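Notes for the one structure printed next.
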Protein chains: 2
Amino acid sequence: MPKVTEEYRVARRDEIAEAALRAFRRKGFQATSMAEIIAESGLSAGAIYGHYASKDAIIVDVASRVVGNRILDVERLAQTEPLAPPPTLPRVLVAGMLRAIGNPAIMLQLWGEGVTDPAVRTVAHDVIVRLRGALVEYTSLWHQRTHGTPPEEADVLAAEQAPLLISAVQGFVVQSAIVPDFDGEAYLASVEKYLPR
Amino acid sequence: MPKVTEEYRVARRDEIAEAALRAFRRKGFQATSMAEIIAESGLSAGAIYGHYASKDAIIVDVASRVVGNRILDVERLAQTEPLAPPPTLPRVLVAGMLRAIGNPAIMLQLWGEGVTDPAVRTVAHDVIVRLRGALVEYTSLWHQRTHGTPPEEADVLAAEQAPLLISAVQGFVVQSAIVPDFDGEAYLASVEKYLPR
DNA sequence: GTCTATAGTAGGATAGAC
DNA sequence: GTCTATCCTACTATAGAC
């Protein structure tokens, strides 16, 4: 393991991953050919295979980058004071997602490919489980702080409610990707209005 | 157009579509090869191409069959008396979906491929829009009957709430397909407990 | 209508020079 | 590490016999 090369390798991988993401956005993961990733990156086949063992490895790496950082949003919010009500979290998550990947449709592709590709499914699974954990913790804390609910009871409530918050985000993703005239703002307003607090 | 052949053709198409669905369940739409559909159907390439112009035509036909009949569930429920509360609808829709296609994961594949395949997206789009229409109508009716809400006001409420009902179903689909230990029953109970009525 | 056999092609991955 | 050129597999769809 050479010493100068390490940060160079990382930078190159970043470069390739970002080019791949741009390409994936247009045609999805599997439907994008290596030729397109190669063209988008401006590099060559040999260069790319020097950094990734296969196209699947690129997909998995890009997928991790895409979904990896939404959990941080929640954890960061849990540090703020006063705590925002849980139904406002989907808006934060959606906004973070849009900032990170531009088009939520890529999440749909990720889930769809996860059905048959175990490596992709692992990525998708991890992020949902970690997100759920963060949301449960946040929601429990919120019940305790806001309504003085005892911790055990608050945990139960939070465990019931967190999957609904996740669904709110997932529903946003599906509907905005598939229905052209989907009104995201009205949707998020409904979420905040009707989900429990 | 021969007269004996017509119902025969329909039966053959059904047969092929069902075999294709079994194959798609294993590997998704695009990742399933014609060879697998051919093997699963017990027919030959020539026979299949006699009934479908292309693999894409099979995908679109199968997709339509999969999603086509959930709207009927809602319309049927709208005829019952007394009307069940809207938050119980996701349970009905999920149950109908599971009965029809066995594994909800195929819906994820459908959405995922819809991102890049216009024909598939059209199918997915149509079903969401029609389902939303049916849910809005049902929910409006429910508000009028149960709370005596005036029709215009009930329509507004219903338009706000229907997307949340759709999200509840979509969230079920995503979470049950991706998270192995997802507790569907607890999830649906939460939906019924927390969504507005 | 259905079969077998195959044409035609796209795409992932590698070899070898620099 | 990166390039060019290419191998080779796997796939969709068709041709032609029955």
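Each chain gets a letter, A, B and so on, in the order the sequences are listed, and its residues count up from 1. Given the structure is predicted, the values throughout are model-derived calculations rather than measurements.
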Check: In terms of side-chain geometry, is the basic nitrogen of B:Glu40 or B:Arg26 positioned less than 4.0 Å from the acidic oxygen of its partner?
Finding: yes
Next item on the list: Calculate the interatomic distance between B:Tyr49 atom OH and C:dG1 atom P; express it in whole Å.
Entry: 18 Å
Notebook entry, point to check: Would A:His143 and A:Glu153 count as having a side-chain donor-acceptor pair, cut-off 3.5 Å?
Noted result: no
Next item on the list: Round to the nearest Å and state the distance from A:Asp56 atom CG to C:dG12 atom P.
Entry: 11 Å
Next item on the list: Indicate yes or no: does B:Glu185 engage B:Arg91 in a salt bridge with an N to O separation below 4.0 Å.
Entry: yes
Margin query: Taking the minimum atom-to-atom distance to the side chain of A:Ala47, which one of C:dT2, D:dT12, D:dT2 wins?
Written below: D:dT2
Check: Given atom NZ of B:Lys27 and atom P of D:dC11, what is their separation to the nearest angstrom?
Finding: 7 Å
Margin query: I need the CG-P distance between B:Leu43 and C:dC3, as an integer number of Å.
Written below: 6 Å
Notebook entry, point to check: So which nucleotide from C:dT2, C:dA13, D:dT4 ends up closest to the side chain of B:His51?
Noted result: C:dT2
Checklist line | Geometric class of the B:Phe24/B:Phe29 ring pair [parallel <30°, tilted 30-60°, perpendicular >60°] | finding: tilted
Notebook entry, point to check: Rounded to the Å, how far apart are A:Ile38 CD1 and C:dG12 P?
Noted result: 8 Å
Next item on the list: Determine: side-chain N/O of A:Tyr8 to OP1/OP2 of D:dT2, distance under 4.0 Å, yes or no.
Entry: yes
Check: Are A:Tyr194 and B:Glu160 close enough that a side-chain donor and a side-chain acceptor fall under 3.5 Å?
Finding: yes
Notebook entry, point to check: Atom CD1 of A:Ile58 to atom C1' of C:dG11: distance rounded to whole Å?
Noted result: 14 Å
Notebook entry, point to check: Which nucleotide sits closest to the side chain of B:Lys55: D:dT12, C:dA13, D:dG1?
Noted result: D:dT12
Next item on the list: Would you classify A:Gly46 as touching base, sugar-phosphate or nothing, given that sugar-phosphate means primed atoms plus P, OP1 and OP2, and contacts are heavy atoms under 4.0 Å?
Entry: base
Margin query: What's A:Ser33 touching, base or sugar-phosphate or nothing? Going by heavy atoms closer than 4.0 Å.
Written below: sugar-phosphate
Margin query: Can you work out whether A:Thr32 or B:Ile48 has the more 5'-proximal nearest nucleotide on DNA chain C?
Written below: B:Ile48
Notebook entry, point to check: Between C:dG1, C:dT2, D:dA13, which nucleotide gets closest to the side-chain atoms of B:Ser54?
Noted result: D:dA13
Checklist line | Integer-rounded Å distance: D:dT14 C1' and B:Tyr52 OH | finding: 20 Å
Check: Rounded to the nearest Å, what distance is computed from the CD atom of residue A:Glu6 to the C1' atom of nucleotide D:dG1?
Finding: 14 Å
